[in-house]
Amino acid sequence: MLWTFLDHEGVEPTNNSAERALRGPVIPRKLSWGSKSEAGLRLMERLWTTAETCPRQGRSLLDYITAPMEALRGERAAPVLALA
């Protein structure tokens, strides 16, 4: 995976875009010393990832977050946040 940019045109050789996307949530986390629990850290990581990924996929963040609750009520599968 490290050398994917050599085989696929348009793939950046650095992770600068990912770093820039996470800069917004990382700065407040560092200023507030993060979370006091591992569970809190995992929750925030997942929410930040979802908040960045949904717009990139053209999906509504609110719809994606509410879909698992609706799926649970209707006994359907929860949505997957994956590359299209």
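The figures here come from the full heavy-atom set of this structure, side chains too, leaving out hydrogens, waters and symmetry mates.
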Glu70: partners by side-chain hydrogen bond (donor to acceptor under 3.5 Å, both in side chains), with sequence neighbours left out: none
Connected-component partners of Trp48 among ILVMFWY, side-chain separation under 4.5 Å: Leu43, Met44, Leu47
Partners passing side-chain hydrogen bond (donor to acceptor under 3.5 Å, both in side chains) against Arg46 (at least two apart in sequence or in another chain): none
Which atom of Ala51 lies closest to which atom of Pro55, heavy atoms considered: O-CD, 3.1 Å
Salt bridge (charged side-chain N to carboxylate O under 4.0 Å, His left out) involving Glu38 - partner list, sequence neighbours excluded: Arg42
Enumerate, atom names and distances included, each donor-acceptor pair closer than 3.5 Å involving a side-chain atom of residues 62-69, sequence neighbours excluded.
residue: Thr66; atom: OG1; partner: Leu62; partner atom: O; Å: 3.0
residue: Thr66; atom: OG1; partner: Asp63; partner atom: O; Å: 3.2

